[in-house]
Amino acid sequence: MSTVIKGGLVVDQTGERTADVVVDDGRVVGVGPDLSGDEVLDAAGCVVAPGFVDLHTHLRQPGAEEAETIETGGWAAVRGGFSAVVAMPNTNPPIDCAAVVQEVLALGGKAPCDVYTSGAITVGRRGERLAPMAEMAELGVRLFTDDGNGVQDAGLMRRAMEYAAGLGVILAQHCEIDSLAAGGHMHEGEWSSRLGIPGVPAEAEELMVMRDIALSRFTGAPVHFQHLSTGGSIAIVQAARQAGVEVTAEVATHHFTLTDEACASYDPVFKVNPPLRPPEDRDAVRQGLAAGSVDAIATDHAPHPPDAKELPFDQAPPGMLGLETALALALTELDLPIAKVVGLLSWQPAAIAGLNGVHGGPITPDSPANLCVFDPEETWTVDPGDTASRSRNTPYAGRQVRGRVRHTIVGGRAVVVDREMRP
Ligand code: DOR
């Protein structure tokens, strides 16, 4: 059965044109005027884009299924327009060997989006010895990270880089120097002083960014920086790129939307790692996206069940939901052309994850039908109860945003139609 997406503005890396898009048997089979198909998806007033790719999703399975499962996280993803996600390895057990990779990929086969997984850089994400990266790479893992932790030992990180270069995979770093961040629960600055909450200085992130740039230059291995949150980090990355060092960077939606002042509520829904920063950092993150020194918008979707987020601020775990609000926040908060936002959410992260050709477009005949259709003008109010996630920890409850996903197609299958999930 074929599907035609009718009357939308097709936006991909080749440009923009008004066209119908026909999908059949998992692939795009036609792009042009006045096309027909068995099922019609209305796209009038909408953008037809490559499905989004999230480089940074916590799916919680195995081990914390009360917060999320690969399947529920997958539904949150497609409701947010994502056709692919890269799962983070801080599960229980962690994704640090072939057996767990196989389990995650098998469960991912039942999710509505394509589920890729990262692998841990070190055994147990403990930062002591290298995980068996080759056996995970053999199963298709392209991105390795100890996310949730940074790799503290510079010598170990150097060896991981040398190994990764040989395997043709990419290392992604959660930049945080533990000895500087220890005991902190929010950004260290004026608000942490006022609130009496111990802080994490910007330098805890920036020093590891600097170190890994030096190691990348030294080893010749590319590094991807995860969820950068400070103006200093963005400036350091920009300078390194200008000097020809092969580094890429993502930022999370909350770091261009919220600031550390939100913690004045003492509500742990605003606790996240790296922490929300002051307005000047938020603005630098926005400028980094506009200037092209940041390659991708990631969600850092980090579900936590209500009982965990009802603890006092210093005891609650860090993390916030992100998959279902990412597009709207990017369109609402960033003063960027739509094509630029789409690139930051789709073909740019797809390239980092090594998924080009499968995800991220271009939308042309014979390409895989991974697509997202969204209305860039529709305004809506974020409702924590209206989510496919098992958790409710969105920091945007009650916020008015603009831009809403209408249909999502994964592998040719319409899994979200007129905002309704189609199991
Ligand atoms: O806020 C965060 N939550 N930052 C991380 O690095 C980990 C994540 C989680 O797993 O909850």
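Since the structure is predicted, the reported quantities are computational estimates derived from the model, not experimental observations. When a ligand or atom number is given, it counts from 1 through the structure's own listing order.
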| said: With side-chain hydrogen bond (donor to acceptor under 3.5 Å, both in side chains) as the test, pick out the partner of Thr230 among His187, Glu206, Glu203, Arg277. | reply: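 That would be Glu206; it is the only one of His187, Glu206, Glu203, Arg277 passing the side-chain hydrogen bond (donor to acceptor under 3.5 Å, both in side chains) with Thr230.
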
| task | For the pair Arg392 (side chain) and Pro305 (backbone), establish whether a donor and an acceptor sit closer than 3.5 Å, ignoring hydrogens and angles. | result |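 Judged by distance alone, no pair lies under 3.5 Å.
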
| message | Quick one: does any side-chain atom of Lys110 pair with a main-chain N or O of Ile70 as donor and acceptor, under 3.5 Å? | response |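 The answer is no, because no donor-acceptor pair under 3.5 Å joins these two groups.
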
| message | Going by side chain to side chain contact (heavy atoms under 4.5 Å, CB included), name the residues that satisfy it together with Gln400, two or more places apart in sequence or in a different chain. | response |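 For Gln400 the side chain to side chain contact (heavy atoms under 4.5 Å, CB included) partners, ignoring immediate neighbours, are Thr379, Thr381.
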
| query | Name the residues in contact with ligand 1, where contact means a heavy atom under 4.0 Å away: which are they? | reply |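 The answer is His58, Arg60, Asn90, Gly148, His174, Val272, Asn273, Ala302, His304, Pro318, Gly319, counting any residue whose heavy atom sits under 4.0 Å from ligand 1.
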
| message | So, using ring pair (Phe, Tyr, Trp, His ring centres under 6.0 Å) as the criterion, who are the partners of His174 when residues are at least two apart? | response |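 In terms of ring pair (Phe, Tyr, Trp, His ring centres under 6.0 Å), with neighbours along the sequence ignored, His174 is linked to His227.
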
| By ring pair (Phe, Tyr, Trp, His ring centres under 6.0 Å) - contacts of Phe144 (at least two apart) |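 Expected list: none.
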
